Structure formats: C-alpha cells, structure tokens
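Atoms considered below: every heavy atom in the structure, side chains included; atoms not considered: hydrogens, waters and symmetry mates. Remember, predicted model here, so these are calculated numbers, not experimental data.
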Amino acid sequence: MSLDPKLLQILACPKDKGSLEYDQERQLLVNERLGIAYRVDDGIPVLLIDEAEPYTPAK
C-alpha cells in the first residue's frame, strides 16, 4: 500500500519537525537525519516519538 503524495508533503517528524521519506517496501516513514523510522499500519502513519525505531537503509 502506498501513501498519498499529498500526505507525504505535509507529514513531519514529531521529534525534529523535519520532512520524512517513505520506504514503501518496508512500510516506514524515515527520518535519515536522526536515523529513525515510524511504521505505517494499514496505511496509517504511527507518528509517536516513543514508537520510533532505529533505521538503517536497506542494502
């Protein structure tokens, strides 16, 4: 499932208020600046700081 590009334009990381990138394959919204990612459950972003997980790009 993909996210609407318009939604991606307005979403921001709750920790640093910066933009997020979408990793469609792993269903994650990624903040590479901080090395964290937020999961997307059934098309719904879970943008809770406590739910963020460490992120490393896929090789």
Quiz item: CD of Q9 to CG of L20: how many Å apart, nearest 0.5 Å?
Solution: 13.0 Å
Quiz item: Atom CG of L7 and atom CG of L29: how far apart are they, to the nearest 0.5 Å?
Solution: 8.0 Å
Quiz item: L28, L3: one ILVMFWY side-chain cluster at the under-4.5 Å cut-off?
Solution: no
Practice problem: Please examine the side chains of Y38 and C13, heavy atoms only from C-beta on, and report whether any two atoms are closer than 4.5 Å. | Solution: yes
Quiz item: How long is the span from the CG atom in D41 to the CD atom in Q27, to the nearest 0.5 Å?
Solution: 9.0 Å
Quiz item: Hey, are the side chains of K15 and N31 touching, using non-hydrogen atoms and a 4.5 Å cut-off?
Solution: no
Quiz item: What are the two closest non-hydrogen atoms of A12 and K17, and how far apart are they?
Solution: CB-O, 3.8 Å
Exercise. Kindly check if the number of other-residue, nucleotide or ligand heavy atoms within 6.0 Å of CD (E53) is above 12?
Key: yes
Quiz item: Among the clusters formed by ILVMFWY side chains lying less than 4.5 Å apart, do Y22 and V46 turn up in the same one?
Solution: no
Self-check item: Atom pair CD/OG1 of E32 and T56 - distance to nearest 0.5 Å
Solution: 10.5 Å
Quiz item: side-chain contact (heavy atoms from CB on, under 4.5 Å) between D23 and Y55: does it pass, once the steps are laid out?
Solution: CA-CA 11 Å; D23 182 335; Y55 177 78; 3.4 Å; yes
Practice problem: Please report the closest heavy-atom contact between P14 and L47, naming both atoms and the distance. | Solution: CG-O, 3.5 Å
Practice problem: Treating Ile, Leu, Val, Met, Phe, Trp and Tyr as nodes and any side-chain heavy-atom pair under 4.5 angstrom as an edge, say whether L48 and I10 lie in one connected cluster. | Solution: no
Quiz item: Mind checking what makes salt bridge (Lys or Arg N to Asp or Glu O under 4.0 Å) contact with R33, not counting sequence neighbours?
Solution: D16
